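A short worksheet on the structure shown next.
This structure is a prediction, so every number in the text was calculated from the model and none was measured. Chain A is the first sequence line, chain B the second, and so forth, proteins listed ahead of strands; every chain is numbered from 1.
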Protein chains: 2
Amino acid sequence: MTDRQPGLTSPKAQLIAGEVRRRIVGREWQQGERIPDEAELAVEFGAARATVNKALQLLADEGLLDRKRRAGTRVAVNPARKAVFTIPIIREQIERAGMEYSHRVIAQRRSPVPDPTAARIGVPAGREFIHLRAVHYGDDRAFQFEDRWINPDSVPGLDKVDFRHQNANEWLVRNAPYLRADIAFSAENADARDARLLHIPKGQALLILHRTTWNDTGPITTVRIACHPGYVMSTTN
Amino acid sequence: MTDRQPGLTSPKAQLIAGEVRRRIVGREWQQGERIPDEAELAVEFGAARATVNKALQLLADEGLLDRKRRAGTRVAVNPARKAVFTIPIIREQIERAGMEYSHRVIAQRRSPVPDPTAARIGVPAGREFIHLRAVHYGDDRAFQFEDRWINPDSVPGLDKVDFRHQNANEWLVRNAPYLRADIAFSAENADARDARLLHIPKGQALLILHRTTWNDTGPITTVRIACHPGYVMSTTN
DNA sequence: TAGTGGTCTAGACCACGTC
DNA sequence: ACGTGGTCTAGACCACTAC
């Protein structure tokens, strides 16, 4: 570790993280055990402490290490299992699968937000949002049914947009950057409307994605997306 | 930034990230637009370039910025939507909800891995794994049905463990650290066995979690977890 | 080929929380 | 109280790639 091959650039912090990970996986450093402090590792690896710090923070983010001031760094006893999902843009996903994307707007109108939804996103009952329902297709096969409420106050010019010619999701992504997003997965049996719009039997198990975005003035949009049967959401990597 | 208030420690990198985020959300810096380079921002914010770099990397990880050498940093056109889920340890989750955790092992025996599963995790067809099926309860209500295959070669001493008295998940977490994990969500209608074990009607939509862990020698364990109806997996935060 | 981000270093100060 | 991690700085060299 005294030098780096030219042309073989592997950030030193990642090399260190890899070596520490190897020692943990190889049981060289046992769960709950304290590992050498940053200064010691810096000497061992011939690196600056900042570099070691970066490496160990990586592993702490992965959940493999628990770090506390004064108490030192310990191998996590119950490694947190974190999973990162990239929420796909439906059009890109369909096109990447070699299919032709299209979408159809079922309805677009101003309408009072239903009480349960209003409560969930923290707006007064009876507030009018833009209610949009649309189906996304790949080669004429229905992929997703989207039921969306958009806060008209969150984005100027929203009333003038006609989402029949403009994917709501993409328009919002481009025109209403958000500060915070909530996402939740669940499973539901297809109700009559889901079944009709996705061309599937009623009762079919569907993966449901609920997603709400916020900026500093309040909620921007909340959406329930019903995915076609067989849809799998998997970790990126 | 000549001084920092004592007791009011907000890492400078995060302050910078917050300000840049504000400018993006406030449309001050438009999507696709190039923002000042690190050196300029360092001067503006009175910080070292490394600090600005850290802040901008944070935002790039969030998907808000696209960074390229020589080309500079631009506001992302299609902000990637990433979601981080913490896969809960079922016992902790149940106990946190104030219920009493228990679990029952339905079966534990060596058995050849079914072909589709073997193919999915990349082991030769017919290999014998330990096949474990268990139900997790909270206050006698069934929460999850777990159908797991464990590679006996991956962990020494595995054959001697009796999972009737030892939660398999937790034992593995503590005794078989992994290098890589795949996780996938989907939805399935409850089959007869799911229905019987979870005490629900057949056909009920269930959130299904597939999870496989690996170390450098191959797969450690793969599991299908069927969650009780109404289970919601949501982002941490 | 030159501008920009990626990364490292050596040193420093500080906050936190265990001892 | 003091050891440990958290963070910042100023400077440096390098890799990538748009120009």
Q: Please state how far atom CD in A/Glu38 lies from atom P in C/dA12, giving the value in whole angstrom units.
A: 17 Å
Q: Look at B/Asn53 and C/dG5 and indicate whether a side-chain polar atom (N or O) is within less than 4.0 Å of OP1 or OP2.
A: no
Q: With sequence neighbours left out, write down each residue that passes salt bridge (Lys or Arg N to Asp or Glu O under 4.0 Å) with B/Arg141, or none if nothing qualifies.
A: none
Q. Would you say a side-chain N or O of A/Arg67 is under 4.0 Å from OP1 or OP2 of D/dT4?
A. no
Q | Residues A/Tyr137, A/His103; criterion side-chain hydrogen bond (donor to acceptor under 3.5 Å, both in side chains); working and verdict | A | CA-CA 6 Å; A/Tyr137 299 89; A/His103 85 297; over 6 Å; no
Q: Considering just the side-chain nitrogens and oxygens of B/Gln57, establish if one lies under 4.0 Å of OP1 or OP2 belonging to C/dG5.
A: no
Quick one: which protein N/O atoms are closer than 3.5 Å to N/O atoms of nucleotides 9-11 of chain C? Pair and distance per line, please.
{"unit_1": "C/dT9", "atom_1": "OP1", "unit_2": "A/Lys12", "atom_2": "NZ", "d": "2.8"}
{"unit_1": "C/dT9", "atom_1": "OP2", "unit_2": "A/Ala48", "atom_2": "N", "d": "2.7"}
{"unit_1": "C/dT9", "atom_1": "OP2", "unit_2": "A/Thr51", "atom_2": "OG1", "d": "2.5"}

Q) Does a side-chain N-to-carboxylate-O contact under 4.0 Å join A/Asp182 and A/Arg180? A) yes
Q: May I ask you to say whether B/Glu146 pairs ionically with B/Arg104, meaning some side-chain N is under 4.0 Å from a carboxylate O?
A: no
Q) Taking all atoms of both residues into account, what is the closest heavy-atom pair of B/Thr221 and B/Leu172, and its distance? A) CG2-CD1, 4.0 Å
Q.
If I take atom CG in residue B/Leu41 and atom P in nucleotide C/dG6, what distance separates them, rounded to the nearest angstrom?
A. 13 Å
Q: Tell me, please, whether A/Tyr178 has A/Arg211 positioned over its six-membered ring: NZ or CZ under 6.0 Å from the ring centre and within 45 degrees of its axis?
A: yes
Could you list the protein-to-nucleotides 1-3 of chain D atom pairs, N/O on both sides, closer than 3.5 Å?
{"unit_1": "D/dC2", "atom_1": "O2", "unit_2": "A/Arg70", "atom_2": "NH1", "d": "2.9"}
{"unit_1": "D/dG3", "atom_1": "O4'", "unit_2": "A/Arg70", "atom_2": "NH1", "d": "3.2"}
{"unit_1": "D/dG3", "atom_1": "N2", "unit_2": "A/Arg70", "atom_2": "N", "d": "3.4"}

Q. Within this structure, what is the CG-to-P distance between B/Leu58 and C/dG5, rounded to whole angstrom?
A. 16 Å
Q. Among side-chain atoms of A/Gln57 and A/Asp61, is any donor-acceptor pair under 3.5 angstrom?
A. no
(Q) Before we go on, tell me: are the rings of B/Phe185 and A/Phe85 under 6.0 Å apart, centre to centre? (A) yes
Q) What is the minimum heavy-atom distance between B/Arg74 and B/Gly32, and which atoms define it? A) NH1-O, 3.0 Å
Q: Provide, to the nearest angstrom, the distance between the CD atom belonging to B/Glu40 and the C1' atom belonging to C/dG3.
A: 12 Å
(Q) Considering every strand and a 4.0 Å limit on heavy-atom distances, what is the contact class for B/Ala39: base, sugar-phosphate, or nothing? (A) nothing
Q. The side chain of A/Lys68 lies closest to which of these nucleotides: D/dC8, C/dT18, C/dG6?
A. C/dT18
Q: Could you tell me the separation between the CG atom of B/Asp66 and the P atom of C/dG5, rounded to a whole number of Å?
A: 13 Å
Q: Round to the nearest Å and state the distance from B/Lys54 atom NZ to C/dG5 atom P.
A: 18 Å
Q: Compare side-chain N and O positions of A/Thr73 against OP1 and OP2 of D/dT4 and report whether any pair is under 4.0 Å apart.
A: no
Q: Round to the nearest Å and state the distance from A/Leu59 atom CG to D/dG5 atom P.
A: 13 Å
